[in-house]
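Encoded as structure tokens, the structure appears first; notes follow it.
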Amino acid sequence: MAIKSYKARKNLIIFAAIATGITSSPFCLAQTTSPALRREAQRVSPAPGVMPRGAPLFLGRSLATVPGFASPSIHTQQAYNPQSNFTARWTRADAIQIKAHSDPNVAARQNSLPSQLTMPAIPANFPSISPDVWIWDTWTLIDKQANQFSYNGWEVIFSLTADKNAGYTFDDRHIHARIGYFYRRAGIPAYQRPANGGWIYGGFLFPNGASAKVYAGTTYTNQAEWSGSTRLIDVTGNKISVFYTNLAFNRSASGGNITPPVATITQSLGTIHSDFQHVWFTGFNNHTPLLVPDGTYYQTGQQNEFYSFRDPFTFEDPDHPGVNYMVFEGNTAGNRGVPSCDAADLGYRPNDPHAETLQQVIDGGAYYQKANIGLAIAQNSALSKWKFLPPLISANCVNDQTERPQVYIKNGKYYIFTISHRTTFAAGMDGPDGVYGFVGNGIRSDFQPMNYGSGLVLGNPTDLNTPAGTDFEANPDQNPNAFQSYSHYVMPNGLVESFIDTIDGVRGGTLAPTVKLRITRASSAIDLAYGTNGLGAYGNIPANRADINIAGLIADLLGQRSTASSLLSQVNGLSQGSMSPSVAQISNFLQ
């Protein structure tokens, strides 16, 4: 839409400033601060708990061998053609570095992990975002480069939700999950918001029954919507594409599988709307199945009823302009219980005195764990047709879950962040619930696990010398915050959001405090200068870009789909007395 008149251009600027709250946005202030002021800010004394200047902040860059442990595998970070068959490996030699760098002598209920890789403890008296629904996996409105967008002055997030008052427990929520959405005004500093982040629950994203159409004619007892990503089709428009995991369960009364669950990566298209009071969505009546596991690269339910296939995240690779990829969680294809890992999965250096033999690993039963991070490539511009490519990373005989993978690009480096549980590590391996990261020179690389070569980026406070128990039945001798948060998502500028699971026996189902990572090359550290000793505000999920869609706003205010040019003509060309009430409201707002 061409804005030709001075008055219209002025109105547009005023609207943009008000709608996005840029006069108070910390993001915009950070961008406009002079280099001299930034340098001066860096000279001030560090906040409590921050390492003094000159201290080795990024301790995890070392790949030195720890006495008594095997050395980490050698990874070159070399980039390969995305469509080649090279798959990087998170090896047992890599993962054992988590234990190698854990303190073996901490007191009971303490943390044995390196402090720079530990999420600060969340208090047990946390606020709740909603009295009506539990929420867990949460994501944002993004573009093809994972920038987070507000829409006409509203920040929007999407979460898995389940009814708190429906009679089932927090731990039964997964088979009842539906994607809900929340919104709040953009540009308001965290300290000016309510303790719970100020998010307003808007309801379910999809119409009732719409996602279930994918399983028409299928026998199932429960159908659920699991995690994915939400992408603006045009960053100046209001059309969005949601990629998510559509699940159908066929279970007995006791909770066992009659037949394996069916997981389908699915797309649905809709429209975002807003006025001065709220945000809502329309569309999402049609749901297009995109991918089901193939049994060649990615394990199927017939091969393993406990298989993983979920969490699509789409992006355009800047090294391959116009080409769209999808990463997702999978498992290496093959029948459950049949040993398939090999010496390369173990990853030990030649003649390492602490190396395991393949037979020792198999005898220990580690072959049941075979997580991978999958890759697919779009076959059309509508992103409605996709083709599998070989996995980016495998974790055979290391771990069984690499959930919610995402691609994060910084300073020319490609990072893959994923999340995993302590309870899904293979026999002989150990690590906390939290974030794991890998770095390479392209979307398909010989990815190096970050931080000592271990892969651990941000773990809950955990004592690896003490058994974990579970989030619903924790070991009383374990750190009370070992299950404090999960489903972490790394946002622009290194911010990390997650949800509260369990803190010292108190169940969560609400947004956790946001934390911040400082990332450099193959290492990272928690930023203790962020928030209060490293813990930011609850649910601080800020947009770093703004979608200003005046045509959409005016049409939503008027409740019709007239063209923007004719509506602006009404605003600029009519006298106040001759305007309809809706047009008068727009005129008053702009002026």
Side-chain angles (χ1 to χ4, degrees), residues 46-73 75 90-122 354 398-399 415 417-422 425 429-439 448-468 478-486 488 490 494 496 498 513 515-531 533-535:
V50 178
M51 294 183 182
R53 189 162 295 282
L57 176 62
F58 296 103
L59 301 174
R61 67 183 55 176
S62 171
L63 292 176
T65 301
V66 176
F69 291 88
S71 301
S73 301
H75 297 274
W90 186 21
T91 69
R92 288 179 68 88
D94 296 327
I96 198 65
Q97 305 309 312
I98 303 171
K99 185 72 171 179
H101 291 272
S102 178
D103 186 345
N105 299 310
V106 298
R109 295 173 65 83
Q110 298 302 306
N111 172 56
S112 71
L113 304 173
S115 59
Q116 76 272 18
L117 304 182
T118 304
M119 184 173 178
I122 302 171
H354 300 288
V398 173
N399 201 314
Y415 296 86
F417 292 114
T418 185
I419 53 175
S420 197
H421 293 284
R422 188 177 184 191
F425 275 94
M429 302 287 101
D430 204 356
D433 281 32
V435 184
Y436 293 81
F438 309 84
V439 59
Q448 178 183 339
M450 296 176 65
N451 297 317
Y452 310 109
S454 69
L456 177 62
V457 170
L458 185 68
N460 285 334
T462 306
D463 179 8
L464 295 188
N465 310 298
T466 303
Q478 180 54 252
N479 189 298
N481 289 77
F483 297 106
Q484 67 176 6
S485 64
Y486 193 64
H488 305 74
V490 183
V496 184
S498 58
V515 298
K516 187 175 183 179
L517 293 175
R518 298 178 64 178
I519 302 168
T520 177
R521 296 183 291 278
S523 56
S524 66
I526 186 78
D527 187 347
L528 295 177
Y530 178 77
N533 295 329
L535 282 184

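Residue indices begin at 1 and follow the sequence shown. Everything quoted here is computed from the prediction, not taken from an experiment.
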Determine whether [X] and [Y] make a side-chain contact, defined as any pair of heavy atoms from C-beta on separated by less than 4.5 Å.
X      : Y      : answer
Arg61  : Thr520 : yes
Pro513 : Ile122 : yes
Phe417 : Val496 : no
Met429 : Ile96  : yes
Gln478 : Thr466 : yes
Asn460 : Asn481 : no

Within this structure, what is the [atom1]-[atom2] distance for the pair [X] and [Y], rounded to the nearest 0.5 Å?
X      : Y      : atom1 : atom2 : answer
Ser524 : Tyr415 : OG    : OH    : 9.0 Å
Gln116 : Leu59  : CD    : CG    : 4.5 Å
Ser420 : Leu456 : OG    : CG    : 11.0 Å
Leu535 : Ile526 : CG    : CD1   : 8.0 Å
Gln110 : Asn465 : CD    : CG    : 12.0 Å
Leu528 : Ser115 : CG    : OG    : 7.5 Å

Quick check against the 3.5 Å criterion: does [X] have a side-chain atom that pairs as donor or acceptor with the backbone of [Y]?
X      : Y      : answer
Asn111 : Thr462 : yes
Asp433 : Arg422 : yes
Thr118 : Pro114 : yes
Gln97  : Ala70  : yes
Ser102 : Leu464 : no

Self-check item: Inter- and intrachain pairs under salt bridge (charged side-chain N to carboxylate O under 4.0 Å, His left out), touching residues 99-113, at least two apart
Solution: Arg109-Asp504
Over all atoms of both residues, closest heavy-atom pair of [X] and [Y]:
X      : Y      : result
Met450 : Val457 : SD-CG2, 4.0 Å
Asp94  : Gly453 : CB-O, 3.3 Å
Pro120 : Gln484 : O-NE2, 3.1 Å
His75  : Gln448 : CB-CA, 3.7 Å
Leu517 : Leu458 : CD2-CD1, 4.3 Å
Val439 : Arg521 : CG2-O, 4.0 Å

Self-check item: Test log, rule side-chain contact (heavy atoms from CB on, under 4.5 Å), inputs Ser498 and Met119
Solution: CA-CA 11 Å; Ser498 58; Met119 184 173 178; 4.1 Å; yes
Exercise. Let me see the working for Trp90 and Thr418 under side-chain contact (heavy atoms from CB on, under 4.5 Å), right down to the final yes or no.
Key: CA-CA 12 Å; Trp90 186 21; Thr418 185; 5.8 Å; no
Quiz item: Parallel, tilted or perpendicular: which describes the rings of Tyr452 and His101, with under 30° parallel and over 60° perpendicular?
Solution: parallel
Practice problem: Could you walk me through whether Ser454 and Asn451 pass side-chain hydrogen bond (donor to acceptor under 3.5 Å, both in side chains), step by step? | Solution: CA-CA 6 Å; Ser454 69; Asn451 297 317; 5.9 Å; no
Quiz item: Taking the six-membered ring for Trp, is the centroid-to-centroid distance between His421 and Tyr486 below 6.0 Å?
Solution: yes
